[in-house]
Amino acid sequence: MGAALARAAQWTAAGSGTGTLEITPLNESLLNQIIKFAEDFSTRHPQEAAFVFREPLEWKTQLGCSVFEEGYEIHGATVQSEAKGKDGQPLLLLTASTLRVRSFDQLSRLLQIAMEKKLKEAQACLEANRDPIMKILGPECGTVEGEDMSMLHLLEKVKKDDDPETEMKMKICLLLHQLDLQLLSSSLKHISQDVRLNPAAINNEVNLLKNFSGKGEDTVLESLEYTSDYMFFNGCRAPPWRQVHGEICYLVIKPHDTDPLYITCSTAGVFLNGGKDDIDYERKSDVYKDIVTFLRERSPRFVENMAKQEYNFFKEPTYEKNYQRMEVVDAKVSGQSQNLYDLTEKNVCEKVKSSAERRRSIDKKKLEPSMKWKNTGKTSGRFEDISESSSETEEDEEQPVHHQEGNTDLPSEYWGIQKLAKYLKGGNPTATVIALCSMRDFNLAQETCQLAIRDIGCLEVLINLLDTEEIKCQIGSLKILKEISQNTLIRHAIADLGGLQIMVKILDSPDKDLKCLAAETIANVARFKQARRTVRQHGGIKRLVGLLECISVGSTSLTPYQSKDTEIARCGALALWSCSKSTKNKEAIRKAGGIPLLARWLCSSHANILTPVVGTLQECASEPSYRLAIRTEGMIENLVKNLSSEHEELQMHCASAIFKCAEDKETRDLVRQHGGLQPLSVLLGKSENKQLLAAVTGAIWKCAISGENVSKFREYKAIEALVGLLSDQPEEVLVNIVGALGECCQEQINRTIIRKCGGIPPLVKLLTGTDQALLVNVTKAVGACATEPENMITIFKCCMLGTCFAFSFYICSQILNNSLN
Amino acid sequence: MIKIALCFACVCPAGVTKRRGLAGPAAARPRCQGSGDAAAMSRKRQRQQLADSLGRSAKHFNKREVERLIKLFDTLVAESSSRFAAAGFDRNMFRDTLHSAFGMTDDMIMDRVFRTFDRDNDSCISVVEWVEGLSVFLRGTLEERIKYCFEVYDLNGDGYISREEMFQMLKNSLLKQPSEEDPDEGIKDLVDIALKKMDYDHDGKLSFMDFEKAVRDENLLLEAFGPCLPDIKSSMAFEQKTFQEAYKL
């Protein structure tokens, strides 16, 4: 009993002298066991019950005189038992409110009398007598930390003198020890169920709740704040002298429906403290295993609104960070999860995870949208499938890898942006413009800032600003949107919030800056199918094409006025480029009269407008109507001209447009007539830019379908260059190179050239590849080479050097088959 | 206000052809054909001379446009029939004009615009000040407009826009939020934000250099402390109303 009381029982930490027992489930069960022990003592051990304590157990009782009936003598406020000790003193004496009890017999009778108050009495008794055993049996039996020698002392005494009293003491001592053990083991059970909170878990929970707190009807709480901003290195906010009591931090929680709650989070759980201005550390409530459980008890509105939040969980993946963390925490604190999260969080997490997975799978097919060479290169060297869309796939957006630091701490930018958001929301246009300009000083290219803007709710405000008449606010807002729409998540959010419709409307504005910004932002946002459709459905394509309409093309030196027009056209072309990845949009651009305008801008000499124009053209060249137009409107000449540009991106788009258009014989002839074959051959030297190389080799391949072109290529030493590129190239480049060589091999002289410059071994080696499109082209090329007897020998030699004879024969038979066809 | 609206109505009768020829404020306007303009010839000789000289000095208007502006000035002054009728606009009239023609509402800013127009500080805008002021107001280059805006915002004319001046100009810029502790705190924070953005030399106030650099960096900051220039729509509408008739004549 001693050990159990000293160790297991939870004494209030405050006040070192006479502590009080806290009302915790553990203490309650301890007290109940002690009461049961004492109550049953007189019946189970009648002899020992008569034993008179060395000193009386003395405490302040709440029992009045009136409860004592039979067996007690009542004189005014004094009650004494009829039973007396040997010394004639009553075994129970109540004077004023002080009760003295000197035997178990009296103790058990007292508890029976006390009825429902027995818990209080027992508590008071134990509080007043911190070591009851010492009082009952004498100081030699007091509870000592460490080895308890009292039993041995008694045993020796019993042996020495045959004193029956000592024997009695011994028995009582044994009984009490038994109780002690019983208490300890049962409290152990309690403790093992006990929650041990840690600072991280609390911090997570607080952050989670903060997400759902704030002004408004639907938030779960009005506010939730730590009382101290300072955090010690161990994550606790409680002062060190309170940390020794296991306290971690203190919170002030303002629910919607009750007064502010001042709570303590300790390792044992969460409870109400004395609160108000200075923290009164005294515990004022039961201990709960976490804040949510605590709040569910205290605030009905909290429960109600928490249930509503479920919907928001799905809508805003922002919180996934918190969720995942919470789950981890839950797992750590086992048995702690029968709370609200179970209802909502588990399935939320699953959803969040699955969407994250989906995102990852999209990441895998990360490819520049305009560069789907694999698609175009496939299908047996023919080019049928280009008439389908070259670019449009279900989700053809390049997705940035979404980093999520495991850090729940909000970055400093978050607060800065939040401060500015206040002025966006509640300021007049002047204040709004200052806030918008200031917001641009944040690094908007950084994902933290981008997401902060979204999470704070700024995105809605920015989009709402677009819908106002205030041009300055519109411009300021678009300047931010343009930057942050580099982020996929933001793009989707802008589209979801209806931003595209408004931006399309803005394209009609008389303000040129505004038009430019809107078009540029549309160019950023319209990188996914849904957005492109929205732009088209709201008449965006027509307006964007309209931006291309202006007077000054071609001139080299521009007046400021003209350069503004060029800028508008550039932005329009950028947006059209993004939109042109959808087949229907290509059609819409054509119908809106975009082709002649694009053709006009193609005559320009400024790379910054040429790049989006040619980009759009090459994107649209997947449509036969465009290919026809490119040929008939004389665009080939300009495409060829820009092959010699200084800008690799522009060169690439030109080459890729030629790649797609050169399927027609007339186009191929035009390329040759405009002198395009030489720059193409020269560009083979830029082997480090793989995208450019893929486009150039593709163009060469298609151009080489015409015999005249092949002779030209031979003249420009393109065949040697192609052979030189046969090793260490990505497949999309190899497909084109081998395709081109295959076309060249139609002429005997070229077959010899290929052999002489050592092209056969690498070609044969490529036969072991697995890429179908490549294999088709390789067999064709090798097959064509094999028509030359000398080449045949080389091919056989190479095959024999290969790993497997059977395979070599298989290949040879394939080659022969192919060459027979 | 209604009075002024009527003035415009008489300057620009309803049904004037909707001509969208005013492509932009900086566009050089072709001189009107010849001088055989009967209506103009019949004007007072004095006004004619004034128009001639102003046509040369106010570089963003041609002579015809100057004439139209003078005519508008005369009409407005005559309509007002106030004590200053002879001399020109007084403060209230000018304010009314700014309000009805350009939708300006901020009294303090309008006062400052008046003072900026009123070069000789006689509390009355003469016809010369009117035309020259509008030249910057409607068609000023960025440089001119920066200078103009700075003058408007420099309330005490000491060459600096101080923290206090910003506070004055921005004090009504926040919508009242009932739960807000101290609305002044929000304004002070806003002033800090503006200073952080524009005070390049970190002396706690905006010099003309600071202001110019900030505006060149970010044109939106031109009217950082309140609208003191017409927005594109109202200035186009004003030009159309005022100058359209000139082409008809």
Side-chain angles (χ1 to χ4, degrees), chain A residues 214-216 222-223 254 415-442 461 465 468-480 508-517 550-552 559-565 568, chain B residues 20 22-28 103-106 108-109 141-142 149 153 166 169-180 183 185-199 214-215 217-237:
Chain A
K215 299 257 174 288
E222 256 178 49
S223 69
K254 231 179 141 336
W415 305 114
I417 291 173
Q418 189 162 49
K419 198 174 167 193
L420 294 176
K422 197 173 87 183
Y423 297 102
L424 293 189
K425 288 173 187 163
N428 71 0
T430 306
T432 304
V433 167
I434 294 177
L436 286 171
C437 293
S438 187
M439 196 174 278
R440 291 190 61 220
D441 287 345
F442 285 93
V461 184
L465 284 176
T468 61
E469 289 285 290
E470 296 289 336
I471 289 184
K472 282 192 281 296
C473 294
Q474 288 175 307
I475 290 180
S477 162
L478 276 174
K479 279 181 172 175
I480 292 169
D508 289 335
S509 159
D511 191 289
K512 294 184 179 187
D513 290 321
L514 197 54
K515 270 198 236 190
C516 285
L517 286 166
C550 54
I551 6 85
S552 58
T559 65
Y561 220 69
Q562 287 171 319
S563 71
K564 193 84 237 175
D565 279 356
I568 293 178
Chain B
R20 296 236 162 225
L22 301 144
M104 288 194 179
T105 48
D106 188 331
M108 184 174 49
I109 297 284
T141 61
L142 182 60
C149 288
Y153 297 143
M166 286 184 217
M169 292 183 281
L170 293 175
K171 73 175 174 220
N172 294 322
S173 67
L174 292 191
L175 308 178
K176 292 277 179 293
Q177 283 166 336
S179 65
E180 201 68 29
E185 278 308 309
I187 309 288
K188 277 180 191 155
D189 284 348
L190 185 61
V191 169
D192 286 340
I193 290 169
L195 267 177
K196 192 179 161 214
K197 174 87 197 162
M198 303 170 81
D199 182 18
V215 175
D217 214 40
E218 172 56 85
N219 289 345
L220 290 178
L221 291 171
L222 182 62
E223 294 176 75
F225 304 110
C228 57
L229 286 168
D231 62 74
I232 186 166
K233 281 202 182 107
S234 54
S235 84
M236 272 169 75

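Per chain, numbering begins at 1; letters A, B, ... match sequence-line order. Computation of the quantities below employed the complete heavy-atom set of this structure, encompassing side-chain atoms and omitting hydrogens, waters and symmetry-equivalent molecules.
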Given B:Asp189, B:Leu170, B:Asp217, the one with more heavy-atom pairs under 4.5 angstrom with chain A than any other is B:Asp189
Does the distance from a Lys or Arg side-chain N to an Asp or Glu carboxylate O, for B:Glu218 and B:Lys197, drop under 4.0 Å? no
Any chance you could measure A:Ile480, atom CD1, to A:Phe442, atom CZ, to the nearest 0.5 Å? 10.5 Å
Heavy atoms only, distances under 4.5 angstrom: which of A:Ala431, A:Gly427, A:Cys437 has the most pairs with chain B? Name it, please. A:Cys437
For each of A:Thr432, A:Leu436, A:Ile475, tally heavy-atom pairs with chain B at distances under 4.5 Å, and name the one with the top tally. A:Ile475
Mind checking what makes salt bridge (Lys or Arg N to Asp or Glu O under 4.0 Å) contact with A:Asp513, not counting sequence neighbours? A:Lys564
Going by salt bridge (Lys or Arg N to Asp or Glu O under 4.0 Å), name the residues that satisfy it together with B:Lys196, two or more places apart in sequence or in a different chain. none
Could you look at A:Ile471 and say if it's the side chain, the backbone, both or neither that has a heavy atom under 4.5 Å from chain B? side chain
A:Glu469 portion near chain B, given a 4.5 angstrom heavy-atom threshold: side chain
Any chance you could lay out the salt bridge (Lys or Arg N to Asp or Glu O under 4.0 Å) test for B:Asp231 and A:Lys472, step after step, and finish with the verdict? CA-CA 9 Å; B:Asp231 62 74; A:Lys472 282 192 281 296; over 6 Å; no
